[in-house]
Amino acid sequence: MGKLMRLISMAPLFLLLCLPFAFGGHDYNQALSKSILFFEAQRSGYLPHNQRITWRANSGLNDGKASGVDLVGGYYDAGDNVKFGLPMAFTITMMSWSIIEYGKQMVANGELGHAMEAVKWGTDYFIKAHPQPYVLYGEVGDGNSDHYCWQRPEDMTTDRRAYKIDPSNPGSDLAGETAAAMAAASIVFRRSNPAYSRELLRHAYQLFEFADKYRGKYDSSITVAQKYYRSISGYNDELLWAAAWLYQASNNKYYLNYLAKNGDSMGGTGWAMTEFGWDVKYAGVQTLVAKFLMQGEAGHHAPVFEKYRQKAEYFMCSLIGKGSRNIQKTPGGLIYRQRWNNMQFVTSASFLATVYSDYLTSYRGSLKCAAGNVAPSELLSFAKSQVDYLLGDNPRATSYMVGYGNNYPRQVHHRGSSIVSIKVNPKFVACRQGYATWYTRKASDPNVLTGALVGGPDAYDNFADERDNYEQTEPATYNNAPLLGILARLAGGHGGYNQLLPVVAPAPNPVIAKLKPAPKPKRTPTPASSSSPITINQKMTTSWNHKGKTYYRYSTVVTNKSYKTVKALKLSISKLYGPIWGLTKSGNSYGFPEWLNTLPAGKSLEFVYIHAASPADVSVSSYNLA
């Protein structure tokens, strides 16, 4: 699990924009698939029928029972069997952010469904953990008793007491981070599961109100967490972080105003950071608010939001060595923050660099550093260098992702991985027996913890692959969560992404800017004869104002009305003045997307596009029936 962090002293899917950038050397698609798979090894509760990590089995089935609440499910944070709410919530927030920004690339890789399942495994648990508006369970089990034993999660005999926060024992940081997770996840599920999305947003609203109304540090209420996940930064960063995500999810100006009103007093405009992680969220808040500013959403708050942006760029400049205070790096070039699980800072910081690069590219801006202006592509190159390092481009030629490459950690500090699977040998492993029999084994783990990103090397690129070297060989969910987005972005190949214009529809009852009258929905039939087996229907699904111009999102559904399968479909699209998703362009026509080869009888495909005009002209050029 994560070591305590120290504060540094003060000092929707995605619009395509051409930007040549070659990625090569590593199989980012494979790394992405493995990174998501790791979360299945960390599952607690009843495992589903489609569980792919087959050496795991059900565990923690009585969690919460003694407190009269069902807390079965969720994730174990690292190599132990405790469910810590704060890092789990941060994990879900960052997985959701990865999907929101780079879900399109995950679709191309066939991993979006798995990534969304990973998010839902966490949010399903948070719904259970939030049984009342002002009650949130923030931990199950405790680190002291858990660390005394070395057992498979399926064999646990340790104390599974549940710990909560409420108005008498507040925890604004925990409630705030959980609100952020629920809000971010509500965006992920808005289109595929609208009812679930609304439920998540309802919990996010309540949790934010709880966090803001009853203020206090969660580890003053759940004191057993202090040794493992103490909130050094306090709760102001989580309140701002939650407000930013609630604005993203709801478009409600209350949260935008909250960010402006409290930016100075809560440190959002003041803290100049060189780290970002499960405890300290300021750099993440500053990055999101900088995005709002670039989107033209700041309004009269622009002066305050500009201060957020300056601090975001301070962080970015520190990463690439062009700031007034730069982060430390190993001789091999890896971000180095601390001995214990340093990799968490590598992935979190690299994710912010990746999205900020794309924000700046779509804004057509540059990064303003102490050393001068910097092109956005330099941030993306930096993020790529960090990912390449952890995948094996380092002085040791070691992959720090288990199961990727040939030279990866074999003695991971992880109970489930290091003990024979209960499905192979169901004989009970007692508390201390696990240490004597399995922990001290100088042999490879019997179960490969595929996709796990371990703590990584020291300040001099040295690494010892030993199970008792927990500072370097223990993995964590929050190491992997930001990595999903970076890997998806790199796997997308060359091309920049316009991340600024919202694609997903706003939540119910948003407060939005005055819009120009929207054009009437236009239904565009194919110009073929009335007996054509293919129909095309378009409709405008949402609109918004950006820099004085009204943009419209159009959904176009192509349906095969015949009794045969459509192959080699070619569409002609004219009067298109913006980006399009769901089709592949070939010359002057458009065909099936990469993940679809045919359109069976009676089936439809949908594609969407955005521009500031009436619907484009869409017609069928050619097709084959088979």
Side-chain angles (χ1 to χ4, degrees), residues 2 4-11 86-87 89-91 93-94 97 172-181 183-184 208 211-212 215 217-219 229-248 255-256 258-293 298 301 304-319 323-327 335 337-338 344-356 359 367 369 379 478 481-482:
L4 302 178
M5 303 193 301
R6 299 189 302 274
L7 281 172
I8 297 300
S9 60
M10 289 284 286
L86 183 61
F90 179 70
T91 294
T93 306
M94 295 307 297
W97 197 357
S172 300
D173 30 22
L174 174 63
E177 181 58 64
T178 311
F208 179 80
D212 196 36
R215 296 191 182 183
K217 284 178 56 178
Y218 94 103
D219 56 19
Y229 290 102
R230 175 173 292 181
S231 181
I232 301 294
S233 69
Y235 53 76
N236 283 330
D237 52 335
E238 278 85 8
L239 288 174
L240 295 172
W241 176 243
W245 278 111
L246 275 161
Y247 177 68
Q248 286 249 104
Y255 300 103
L256 196 71
Y258 187 97
L259 289 163
K261 178 182 177 182
N262 296 289
D264 291 343
S265 62
M266 289 185 171
T269 62
W271 282 104
M273 304 306 303
T274 55
E275 70 176 65
F276 172 58
W278 60 261
D279 181 21
V280 189
K281 314 291 165 43
Y282 282 116
V285 177
Q286 291 156 356
T287 299
L288 284 174
V289 175
K291 177 186 178 182
F292 301 156
L293 183 66
H301 299 315
V304 178
F305 281 19
E306 175 61 27
K307 291 195 287 184
Y308 276 101
R309 186 196 63 79
Q310 290 171 0
K311 292 303 188 291
E313 300 209 340
Y314 179 98
F315 177 82
M316 304 302 164
C317 295
S318 76
L319 298 180
S324 56
R325 175 175 179 167
N326 298 318
I327 58 164
I335 292 174
R337 176 83 186 102
Q338 65 184 33
Q344 61 179 303
F345 303 109
V346 174
T347 58
S348 293
S350 297
F351 178 86
L352 291 188
T354 300
V355 296
Y356 202 73
Y359 295 163
L367 180 64
C369 295
L379 281 174
Y478 44 88

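With sequence neighbours excluded, the residues satisfying side-chain contact (heavy atoms from CB on, under 4.5 Å) with D219 are K217, Q226, R230, S231. Applying the side-chain contact (heavy atoms from CB on, under 4.5 Å) test to A211 and every residue at least two apart in sequence or in another chain returns S172, A175, L239. Under the ring pair (Phe, Tyr, Trp, His ring centres under 6.0 Å) criterion, Y356 pairs with no residue, sequence neighbours left out. With sequence neighbours left out, the side-chain hydrogen bond (donor to acceptor under 3.5 Å, both in side chains) criterion links D212 to R215, Y258. Residues passing the side-chain contact (heavy atoms from CB on, under 4.5 Å) test with S350, sequence neighbours excluded: V346, F382, A383, Q386, I486. Under the rule for a side-chain hydrogen bond (donor to acceptor under 3.5 Å, both in side chains), the partners of T93 that lie at least two apart in sequence or sit in another chain are E177. Not counting sequence neighbours, T354 has no partner by the side-chain hydrogen bond (donor to acceptor under 3.5 Å, both in side chains) test. Checked against salt bridge (charged side-chain N to carboxylate O under 4.0 Å, His left out), R309 has the following partners two or more places apart in sequence or in another chain: E306, E313. In this view, Y218 satisfies the ring pair (Phe, Tyr, Trp, His ring centres under 6.0 Å) rule with no residue, not counting sequence neighbours. Every residue two or more places apart in sequence or in another chain that forms a side-chain hydrogen bond (donor to acceptor under 3.5 Å, both in side chains) with E238 is listed here: K281. N326 pairs by the side-chain contact (heavy atoms from CB on, under 4.5 Å) definition with S318, not counting sequence neighbours.
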Yes or no on side-chain contact (heavy atoms from CB on, under 4.5 Å) for Y229 and D279, after CA distance, side-chain angles and deciding distance? CA-CA 8 Å; Y229 290 102; D279 181 21; over 6 Å; no
Pair Q248, Y255 - check side-chain contact (heavy atoms from CB on, under 4.5 Å), show working. CA-CA 9 Å; Q248 286 249 104; Y255 300 103; over 6 Å; no
Check against side-chain contact (heavy atoms from CB on, under 4.5 Å), Q344 and Q338: CA-CA 10 Å; Q344 61 179 303; Q338 65 184 33; 3.7 Å; yes
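The minimum heavy-atom distance between N236 and Y282, with the atom names listed, is CB-OH, 3.7 Å. In plain terms, the two heavy atoms of G277 and S348 that are nearest each other are CA-OG, 4.4 Å. What you find for A290 and A312 is that their closest heavy atoms are CB-CB, 4.4 Å. For Y308 against G263, the heavy-atom pair with the smallest separation is OH-CA, 3.0 Å.
Taken to the nearest 0.5 Å, the CH2 atom of W241 stands 11.0 Å off from the CD atom of Q286. The OG1 atom of T274 sits 6.5 Å away from the OH atom of Y314 when rounded to the nearest 0.5 Å. Between atom CG of residue L352 and atom CG of residue L379 there is a gap of 10.0 Å, rounded to the nearest 0.5 Å. In this structure, CG on L293 lies 12.5 Å from CG on L288, to the nearest 0.5 angstrom. How far CZ of F90 is from CH2 of W278: 10.5 Å, rounded to the nearest 0.5 Å. Expressed to the nearest 0.5 Å, how far CG of L319 lies from CD of E275 amounts to 11.5 Å.
In this pair, F305 and F292 present their aromatic rings tilted. The plane angle is within the 30 to 60° band.
For the pair T287/F276, no side-chain contact is recorded, criterion being any heavy-atom separation below 4.5 Å from C-beta on. Here the side chains of W271 and V285 are not in contact, with every heavy-atom distance at 4.5 Å or above.
Paired with F351 under the rule ring-ring contact (aromatic ring centres under 6.0 Å, His included), one option of W97, Y478, F345 passes, and it is W97.
The list of side chain to side chain donor-acceptor pair (under 3.5 Å) pairs with a residue in residues 259-270, not counting sequence neighbours, reads D264-T269, D264-K307.
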